[in-house]
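See below for the structure under consideration.
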Amino acid sequence: MDSPKSMFLLISCILAVLGFCYGAGVLPDGPLKGALGKSVTFATTIDPPDQPFVTIAWIFNVSTIIISTRPLPGSDTIGSGYKDRIFLNRSTGSLELRNLFQNDTGEYRLTITPAVGDLLTGDTTVKVYEPISGATITTSPNPPIIEGNSVTLTCDASGSIISREWMKVGQLLSAGGNMIISENKRVLSINPVKRTDSGEYLCRVSNPISTADAKHDLIVNDGPDGMEIKGPTEIEVGQKVTLTCSADSIPTASYTWMHNGTKIPGHSLELIKGKSEYFDSGDYTCTATNDVTVNNTYVVHKLSVKAEGSLSQGLSAGAITRIVIAILVVVGGAVGVAVFFIKKNG
Ligand SMILES: *[C@@H]1O[C@H](CO)[C@@H](O)[C@H](O)[C@H]1NC(C)=O
Ligand SMILES: *[C@@H]1O[C@H](CO)[C@@H](O)[C@H](O)[C@H]1NC(C)=O
Ligand SMILES: *[C@@H]1O[C@H](CO)[C@@H](O)[C@H](O)[C@H]1NC(C)=O
Ligand SMILES: *[C@@H]1O[C@H](CO)[C@@H](O)[C@H](O)[C@H]1NC(C)=O
Ligand SMILES: *[C@@H]1O[C@H](CO)[C@@H](O)[C@H](O)[C@H]1NC(C)=O
């Protein structure tokens, strides 16, 4: 070794030999990803040489010939399953494989005999995926879903399913609390299901070449509960009175009213009396019914109709306070003036 140039050549040779031994070579590492029915291209890292290659051979799974060229003048051998499916670039060795089948998944080896120099080899793998389509979510039991019961959401799709994810309002769901997710994430179980579990669920099914989403709007029916009646407890005879009933319920509850145990016709959440009478006093019962959960609850409100003028009408507590203070000031002032004159005259 007498020059840097010969040293460089030696190292290059060693690297070339090691590369050959370990199969690293002129193809990128796999797996290359292909879609069923589409094509994949094995692009080599070879720059087109000055003289054409002597032979190029592409082999599938160790022993199946895809294409093997002969020294010029010669003819190619093409494997029976590959006619009309391949295009070989003879200056780079790159191969395009079209109309991919599932059974094209496997190992590919390229061996090239150049006009000068060592054999060139390359190994890689291909994985063919069927694109994912028709993703759906099915629920069990069928709707309506009632709070406190359990529900399962099942996510299915056709194609090569590699992964599934569950999401709700853009948030990734994970098992825990009342949620169980099966190992392959196909089934999401919620037990017991709560009102707050209502909402849009999304299942995202994917593989390296495609993704499909399925959505399901889960409605958890619940209630009625949290009932109340808003309105006055005392009014003067002749005044208008409005009682308003409310309840938390999915779906919306329907309402009925009773007065002293007698049903009042109608289904409004509001009860209005334009001009109250003494016999309007008594117990008002509002019953809320949820037709889906088949449950109902009620609440009672007492109303007392008083004589006209018996309730402080028109004056607020604040107004009364101000009037009292004004009177005190005037009286106080008058007393002060009287005392002054009495003292002066006395
Ligand atoms: C082969 O590949 C080279 C380099 O990518 C390109 O320039 C050339 O056009 C290709 N030949 C054919 C026949 O496609
Ligand atoms: C691969 O599958 C295709 C279509 O399913 C079939 O025609 C072909 O014979 C199969 N090839 C091999 C090597 O099994
Ligand atoms: C090719 O080899 C792979 C393993 O590397 C195997 O999974 C696949 O089934 C083989 N394909 C055929 C068509 O023999
Ligand atoms: C009906 O509603 C009541 C009050 O909210 C509740 O305690 C009960 O569990 C409900 N029954 C059913 C069958 O949902
Ligand atoms: C309802 O009951 C109240 C008190 O018990 C009574 O004052 C009122 O007259 C009753 N009204 C009717 C219509 O029954």
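Numbering starts at 1 and runs along the sequence shown. None of the values given here were measured: they were computed from a predicted structure. Note that ligands are numbered from 1 as they come in the structure, with each ligand's atoms numbered from 1 the same way.
In this structure, the side chain of Glu147 engages the main chain of Arg195 through a donor-acceptor pair within 3.5 Å.
Aromatic ring orientation, His259 versus Tyr284: parallel (interplanar angle below 30°, classes split at 30° and 60°).
A ring-centre distance under 6.0 Å is found for Trp58 and Phe42.
Asn184 and Ser182 share a side-chain donor-acceptor pair at under 3.5 Å. A donor atom on one side chain and an acceptor atom on the other are found under 3.5 Å apart for Ser206 and Ser163.
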Handout entry: salt bridge (Lys or Arg N to Asp or Glu O under 4.0 Å) between Glu107 and Arg109, intermediate numbers included
Key = CA-CA 7 Å; Glu107 295 161 14; Arg109 162 162 282 226; over 6 Å; no
Practice task
With side chain to side chain contact (heavy atoms under 4.5 Å, CB included) as the test, would you mind laying out the steps for Leu36 and Gln102 before giving the verdict?
Solution key: CA-CA 7 Å; Leu36 194 68; Gln102 206 78 61; 4.1 Å; yes
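Which parts of ligand 5 touch Asn260 is read off a 4.0 Å heavy-atom cut-off, strictly below it: atoms 1 (C), 2 (O), 3 (C), 8 (C), 10 (C), 11 (N), 12 (C), 14 (O). Those atoms of ligand 5 that come under 4.0 Å of a heavy atom in Phe279, given as number and element, are 8 (C), 9 (O), 10 (C), 11 (N), 12 (C), 13 (C). Below 4.0 Å from some heavy atom of Asn103 lie the following atoms of ligand 3, by number and element: 13 (C).
On a distance-only criterion, Glu107 and ligand 3 share at least one N/O pair closer than 3.5 Å.
A distance limit of 4.0 angstrom between heavy atoms and ligand 1 selects the residues Phe87, Asn89, Ser91, Thr92.
Here the rule is side chain to side chain contact (heavy atoms under 4.5 Å, CB included) with Val193, and of Ile190, Asn191, Thr196 only Ile190 fits it.
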